[in-house]
Novice: 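Just passing along the structure, written as structure tokens.
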Amino acid sequence: MATANIQTPDLAHDVHHDHDHEHHDNFITKYIFSTDHKMIAKQFLITGIFWALLGGILSVIFRLQLGFPDMQLEWLRPFLGKWITEQGKIDPEFYLALVTMHGTIMVFFVLTAGLSGTFSNFLIPLQIGARDMASGFMNMLSYWFFFLSSIIMLSSLFIETGPAAGGWVVYPPLSALPQAISGSQLGMTMWLVAMVFFIVSTLLGGVNYISTVINMRTQGMSFSKLPLTIWAFFLTAIIGLLSFPVLIAAALLLVFDRSFGTSFYLSEIYIGGEALPNMGGSPILYQHLFWFLGHPEVYIVLLPALGITSEIIATNSRKPIFGYRAMIGSMLGITILSFIVWAHHMFVTGMNPFLGSIFMLLTLIIAVPSAVKVFNYLTTLWKGNLVFTPAMLFSIGLVSFFISGGLTGIFLGNAAIDIQLHDTYFVVAHFHLVMGSASFFGLMAGVYHWFPKMFGRMMDAKLGYIHFWLTFVGVYMVFFPMHYIGIAGFPRRYYSFTNFDAFNSFTDLNAFVSIAAIFTLGAQFIFLFNFFYSMFKGRVAPANPWRSTTLEWTTPINPGHGNWPGAIPTVYRWPYDYSKPGAAEDFIPQHIPYSQTKESNLPHENELIKLENEGDVVIVNENKH
Amino acid sequence: MLQIVILVGLVLLVAILMAIFRISRLLNVAKGTDKEVVDKGSNSFNAILFIVFGVVTFGLFFWYSIVYYDEYTPPVASEHGVLTDGLFWTTMWVTGIVFIITHILLFWFSYKYQYKKESSALFFPHNNKLEVIWTVVPAIVLTILVFTGLKTWNDITDKAPEEAEVVEIMGYQFAWKTRYPGNDKQLGNYDFRLIDAENQFGMDLTDKASFDDFTPREIHIPKGQPVLFKIRARDVLHSVYAPHFRLKMDAVPGMQTNFWFVPTKSTAEMREETGNPEFNYEIACTEICGKGHFSMRMLVVVDEPEDYKKWLAEQESWLSKNETYLAKVPANLKEEAKKASGLNNTVEQPVSEVETTGASM
């Protein structure tokens with residue numbers, strides 16, 4: 001494809017400047033306090049991988065307890081110390097701490113920071129045609145606040161009283177009263193402090209993503225030509241910006257209740273042999289505040305994964321994404337609706353049942369845009385020419401999880417059915433599939449797809465296939481049986497089920513799930529090996545390994561700070577011109593003008609040729625700004 | 001022993017995978033497939049695997065769902081539970097069909113439209129008719145599900161019938177306690193500041209409604225009559241969960257919650273139905289509450305109405321069992337307290353028709 005005509009002399013000084021800048025990079029400014037969005041993305045990714053591994057290991061430890069309640073765990077004592085009881089079992093309070101930290105780590109540190117942090121940072125400037133984020137410095141701060149938050153959260157695992165243990169939702173009064181559970185002592189304080197820094201990081205990142213997408217798109221890159229990835233990151237950032245501050249508020253009030261004797265969430269409590277002075281607070285208030293973030297958080301986690309896979313499925317189906325505008329529309333719908341469904345987590349908390357009916361209605365409405373997305377994915381595959389790269393496999397896996405987990409949401413969104421299913425393993429199965437595994441697969445798909453752009457080398461495809469199939473099978477083996485356990489009524493966050501006749505079965509299925517969890521975690525080491533091995537020894541990547549249309553593939557194989565050595569390419573077309581009838585190749589990149597593809601232009605596109613030259617005038621003006 | 005086996009297994013797995021990795025790399029270079037745009041062999045292998053995966057997992061899904069149906073569907077013993085179970089299975093049919101169709105399409109398309117060098121994909125960017133169809137159809141189906149659900153939800157959460165038997169359930173770390181209103185059909189006031197080792201409920205003995213309240217070790221309720229659980233918590237959040245009654249409601253410190261229902265099967269009948277002579281209805285906690293969260297068990301006995309009446313008559317009031325607390329009763333009410341609690345006489349107290357306002361704070 002001809003790309004020569006995009007060079008304009010006006011930008012030469014820009015080029016020089018960037019080159020100059022790079023010259024002064026030393027190790028610290030290049031790898032540590034870097035303001036290059038690509039390096040920051042890699043920092044987020046590596047930190048996210050570390051957290052994912054830790055979160056996975058925590059889950060395997062508590063799965064050992066659930067699957068093999070009689071197992072001797074003395075061998076874990078070197079790692080867990082006094083959290084292994086004298087009988088060689090996991091301490092029941094530490095079990096709750098494990099569950100809590102697994103949830104916190106996976107939801108916030110892996111699937112929010114690791115996913116959105118990595119790919120929003122990496123792809124926004126590259127795909128919209130910008131040299132970097134609107135504020136590289138803020139972007140750097142965003143990572144380092146995340147890092148600080150990570151350090152605090154990680155340290156809380158090692159303190160004597162243990163990390164927070166009130167579930168990842170940390171409902172008061174349990175989380176507010178140090179005498180209620182040992183995790184609510186120093187561990188909870190550290191949890192809250194870490195979360196405050198985490199939210200600062202998210203907000204700094206979000207402001208940057210939004211302003212970059214709005215202000216720094218290259219010439220011709222209108223919103224209607226943005227790849228769906230960018231739409232997803234953009235909307236995710238908006239959701240985050242509007243909902244995370246509410247979590248700060250909730251956390252702050254909890255800090256007041258814990259440390260300064262206020263009664264926002266506390267009322268009429270008698271604990272540890274004494275009546276507390278707190279009166280008039282409401283634990284339900286916390287739940288409203290928490291879920292006002294908590295539910296949009298689900299979409300903060302999921303939307304980037306949906307954006308990434310839309311892009312990957314279109315590329316590897318060699319077909320335009322079906323219903324580009326409908327995809328944007330449904331993401332917009334999900335964004336708006338995500339703010340008004342939070343109380344479906346609270347149907348049986350004693351909230352006014354009338355509110356329950358309202359939230360039930362709103363909740364089931366959100367299933368419509370989700371359904372549209374699934375059908376559009378399927379139609380994109382239909383009559384495609386599917387290339388199964390590892391990224392494509394993970395994207396198809398995501399669609400499968402999104403369907404399986406999404407459908408069970410229709411049960412839980414129905415308040416009458418939720419009475420029985422609330423806080424059972426059915427819920428665990430539901431959100432692990434639709435938000436946990438689906439988003440994780442989006443993350444994996446993204447890593448496999450953009451690895452060549454990140455590190456200039458290819459990951460090994462065969463290892464990728466093995467990784468995918470073991471993980472895909474493994475995830476279903478872990479979470480599908482949980483539906484049955486949930487329908488049978490087993491409550492979540494139970495250390496053991498032997499106390500109840502009603503839950504005294506399924507020991508075999510629980511053991512199976514635990515083995516599957518170990519198996520699935522084991523499969524991730526294939527990925528780790530592939531990732532780090534390919535970073536240094538992988539095959540050198542071609543410029544555009546997946547024959548994709550988006551702008552990031554017009555940069556050099558190892559782009560420097562500033563991304564394009566010359567001028568930033570101008571964009572002329574939407575990002576999904578795959579297999580266009582009449583075209584020589586089965587893809588036409590976004591920066592190829594219609595005047596060069598007369599053989600494949602649609603009638604209205606021929607009209608646009610006239611405008612192409614006028615566009616060049618505008619670009620000059622914009623750069624003189 | 002198991003650890004060693006796992007460790008050896010892991011090492012072997014790694015070794016095998018490394019060997020496969022090296023060999024496949026060498027093969028790729030030797031065959032030159034690493035230079036091709038699409039590796040034909042791997043591509044069709046992956047496509048076939050999708051079909052294999054689909055067939056095997058659907059097989060397992062149907063097998064387990066059918067063969068183990070009785071294992072994972074607990075019997076239901078309340079009127080509203082029959083309705084919510086009905087909703088559950090209706091939703092299961094609707095979503096189950098969608099689940100199967102979409103997955104068949106997903107795996108079939110993956111196989112059918114795998115990359116072929118000679119063919120090319122269809123340029124099919126949008127189709128408004130299709131979009132409208134699959135926006136409107138799910139919307140209609142969901143509307144139907146919502147409205148049947150709404151009706152059931154509203155009925156369940158509606159005000160309890162006047163004649164409902166009132167049972168108070170209080171959660172604390174880590175057990176449940178229950179209190180009955182006694183002959184006057186009215187629970188006495190409570191105050192959390194009055195709680196001590198004996199007076200676990202913080203019963204306010206200046207309120208005459210407390211005199212005849214009794215606190216049995218297990219919950220008895222009559223079959224076929226509406227029962228109202230008044231639920232509260234003393235320290236942290238708990239949640240009353242009675243799986244067989246399809247009943248769940250959080251216990252919140254500082255706020256009373258309610259759930260009313262009609263039990264339809266006595267414990268004896270349930271023992272017969274399940275074939276388990278040891279069967280008991282249980283209440284569990286489903287809101288994380290600390291170390292003993294998994295052990296908050298309370299028994300519920302569903303009696304035939306006449307047995308229930310007999311059981312009620314046998315119960316002694318809390319005050320009569322804790323005579324020292326008579327000192328807390330105001331002097332002008334002492335006589336009444338003695339009478340109501342049955343402390344020194346056995347004369348039945350006539351049932352007073354006081355309107356039930358429930359425990360106030």
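Throughout, a chain's letter reflects where its sequence line sits, starting with A, and its residues are numbered from 1.
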Novice: Please look at Ala47(B) and chain A and tell me whether the side chain, the backbone, both or neither of the residue comes under 4.5 angstrom of a heavy atom of that chain.
Specialist: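 When you check distances to chain A, atoms from both the backbone and side chain of Ala47(B) fall under 4.5 Å.
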Novice: Quick check on the interface: out of Ser42(B), Ala139(B), Gly81(B), who has the most heavy-atom pairs with chain A under 4.5 Å?
Specialist: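 Most heavy-atom pairs within the cutoff with chain A belong to Ser42(B).
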Novice: Heavy-atom distances under 4.5 Å only: say whether Ser65(B) touches chain A with side chain, backbone, both or neither.
Specialist: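 Interface part for Ser65(B): both.
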Novice: Got more than 12 heavy atoms from elsewhere within 6.0 Å of NZ, Lys116(B)?
Specialist: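 More than 12 within 6.0 Å, yes.
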Novice: Students often mix this up, so state it plainly: with edges at 30° and 60°, are the rings of Trp469(A) and Phe53(B) parallel, tilted or perpendicular?
Specialist: tilted
Novice: Ring centroids only, cut at 6.0 angstrom: are His293(B) and Tyr495(A) within range, meaning strictly under it?
Specialist: no
Novice: Is any side-chain heavy atom of Val38(B) closer than 4.5 Å to a side-chain heavy atom of Arg547(A)?
Specialist: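 Yes; the side chains approach each other to less than 4.5 Å.
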Novice: Output the option from Leu386(A), Thr498(A), Asn414(A) having the highest count of non-hydrogen pairs under 4.5 Å with chain B.
Specialist: Leu386(A)
Novice: Of the listed residues (Glu71(B), Met92(B), Met296(B)), which shares the most heavy-atom pairs with chain A below a 4.5 Å separation?
Specialist: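 When all of Glu71(B), Met92(B), Met296(B) are compared, Met92(B) has the most.
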Novice: Determine the option with the most heavy-atom pairs under 4.5 angstrom with chain B, choosing from Ile526(A), Val372(A), Ile419(A), Leu361(A).
Specialist: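 Winner by heavy-atom pair count: Ile419(A).
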Novice: Could you check which of Leu49(B), Thr257(B), Thr57(B), Leu10(B) has the highest count of heavy-atom pairs closer than 4.5 Å to chain A?
Specialist: Leu49(B)
Novice: Does Phe503(A) reach the side chain of Pro243(B), with side-chain heavy atoms less than 4.5 Å apart?
Specialist: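 They are in side-chain contact.
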Novice: Give the member of Thr379(A), Leu266(A), Val169(A) that has the highest number of heavy-atom pairs under 4.5 Å with chain B.
Specialist: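 Top option by heavy-atom pairs under 4.5 Å: Thr379(A).
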Novice: Quick check: do Asn46(B) and Leu393(A) have side-chain heavy atoms less than 4.5 Å from each other?
Specialist: yes
Novice: In sequence, state the C-alpha distance, the side-chain angles, and the governing distance for Tyr171(A) and Glu287(B), and then conclude on side chain to side chain contact (heavy atoms under 4.5 Å, CB included).
Specialist: CA-CA 9 Å; Tyr171(A) 281 173; Glu287(B) 189 62 69; 3.5 Å; yes
Novice: Let's test your reading of the structure: which of Ser110(B), Ser120(B), Gly96(B) forms the most heavy-atom pairs below 4.5 Å with chain A?
Specialist: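 So the answer, after comparing Ser110(B), Ser120(B), Gly96(B), is Ser110(B).
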Novice: Which residue is it: Tyr578(A), Tyr324(A), Tyr576(A), Phe322(A)? I am looking for the one with a ring-ring contact (aromatic ring centres under 6.0 Å, His included) to Phe124(B).
Specialist: Phe322(A)
Novice: So with a 6.0 Å cut-off around CZ of Phe480(A), is the heavy-atom count from everything else above 12?
Specialist: yes
Novice: Would you mind telling me which of Leu407(A), Ile321(A), Val399(A), Leu276(A) has the largest number of heavy-atom pairs within less than 4.5 Å of chain B?
Specialist: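 Sorted descending by pairs with chain B, the first entry is Leu407(A).
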Novice: Before giving the answer on side chain to side chain contact (heavy atoms under 4.5 Å, CB included), spell out for Thr408(A) and Thr95(B) the whole-Å C-alpha distance, their side-chain angles and the decisive distance to 0.1 Å.
Specialist: CA-CA 8 Å; Thr408(A) 48; Thr95(B) 54; over 6 Å; no
Novice: Evaluate the criterion side chain to side chain contact (heavy atoms under 4.5 Å, CB included) for residue pair Thr286(B) and Thr424(A); output intermediate values, then yes/no.
Specialist: CA-CA 8 Å; Thr286(B) 51; Thr424(A) 63; 5.7 Å; no
Novice: When you measure from the side chain of Gln420(A) to the backbone of Thr84(B), do you find a donor-acceptor pair of N or O atoms at a distance under 3.5 Å?
Specialist: no
Novice: Given the side-chain rings of Trp89(B) and Phe411(A), with only the six-membered ring counted for Trp, is the space between their centroids under 6.0 Å?
Specialist: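 Between Trp89(B) and Phe411(A), the centre distance exceeds or equals 6.0 Å.
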Novice: Report the relative orientation of the aromatic rings in Phe388(A) and Phe50(B); use parallel for angles under 30°, tilted for 30 to 60°, perpendicular for over 60°.
Specialist: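 Ring orientation of Phe388(A) relative to Phe50(B): tilted.
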Novice: Side chains of Arg234(B) and Ile271(A): closer than 4.5 Å at any heavy-atom pair?
Specialist: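 Side chain of Arg234(B) against side chain of Ile271(A), heavy atoms only: no contact under 4.5 Å found.
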Novice: Measuring heavy-atom distances to chain B, does Pro481(A) have an atom under 4.5 Å in its side chain, in its backbone, in both, or in neither?
Specialist: neither
Novice: If the plane angle is over 60° it's perpendicular, under 30° parallel, otherwise tilted; pick one for Tyr476(A) and His103(B).
Specialist: perpendicular
Novice: For chain A, which candidate among Leu60(B), Leu247(B), Asp155(B), Leu122(B) shows the most heavy-atom pairs at distances under 4.5 Å?
Specialist: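 Ranked by contacts with chain A, first place is Leu122(B).
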Novice: Heavy-atom distance under 4.5 Å between the side chains of Asp501(A) and Arg297(B), does that happen here?
Specialist: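 In short, these two side chains touch, coming nearer than 4.5 Å.
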Novice: Are Leu421(A) and Phe88(B) close enough that some pair of their side-chain heavy atoms sits under 4.5 Å apart?
Specialist: yes
Novice: Considering only heavy atoms and a distance below 4.5 Å, find which of Ala367(A), Gly522(A), Ser496(A) pairs most often with chain B.
Specialist: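 Sorted descending by pairs with chain B, the first entry is Ser496(A).
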Novice: Does any donor atom in the side chain of Trp134(B) or Asn376(A) lie under 3.5 Å from an acceptor atom in the other side chain?
Specialist: yes
Novice: For the candidates Ile181(A), Ile410(A), Ile365(A), which exhibits the highest count of non-hydrogen atom pairs separated by less than 4.5 Å from chain B?
Specialist: Ile410(A)
Novice: Without swapping roles, check the side chain of Asn385(A) against the backbone of Ser119(B) for a donor-acceptor pair under 3.5 Å.
Specialist: yes
Novice: Can you name the closest pair of heavy atoms from Ala180(A) and Val236(B) and give their distance?
Specialist: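 Scanning both residues, the minimum pair turns out to be CB-CG1, 3.9 Å.
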Novice: Kindly say whether Phe294(B) contributes a backbone atom to a donor-acceptor pair with the side chain of Asn499(A) at under 3.5 angstrom?
Specialist: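 Confirmed, Asn499(A) side chain pairs with Phe294(B) backbone.
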Novice: Mind checking whether Gln173(B) and Gln179(A) have side chains closer than 4.5 Å, heavy atoms only?
Specialist: no
Novice: Considering only heavy atoms from C-beta outward, does the side chain of Pro353(A) approach that of Asn154(B) to under 4.5 Å?
Specialist: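 Result no, sub-4.5 Å side-chain heavy-atom pair not found.
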Novice: Report yes or no: does Tyr484(A) contribute a side-chain atom to a donor-acceptor pair with the main-chain N or O of Tyr69(B) at less than 3.5 Å?
Specialist: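 Not at all, since once roles are kept as given, no pair shorter than 3.5 Å links the two residues.
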Novice: Any Lys/Arg nitrogen of Lys462(A) or Asp39(B) sitting under 4.0 Å from an Asp/Glu carboxylate oxygen of the other?
Specialist: yes
Novice: Judged by atom type as modelled, is there a donor-acceptor pair below 3.5 Å linking the side chain of Lys248(B) to the main-chain atoms of His422(A)?
Specialist: yes
Novice: Among Tyr68(B), Tyr64(B), Tyr72(B), find the residue that satisfies the side-chain contact (heavy atoms from CB on, under 4.5 Å) test when tested with Leu509(A).
Specialist: Tyr64(B)
Novice: In terms of side-chain geometry, is the basic nitrogen of Asp91(A) or Lys291(B) positioned less than 4.0 Å from the acidic oxygen of its partner?
Specialist: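 Salt bridge flag = yes for Lys291(B) with Asp91(A).
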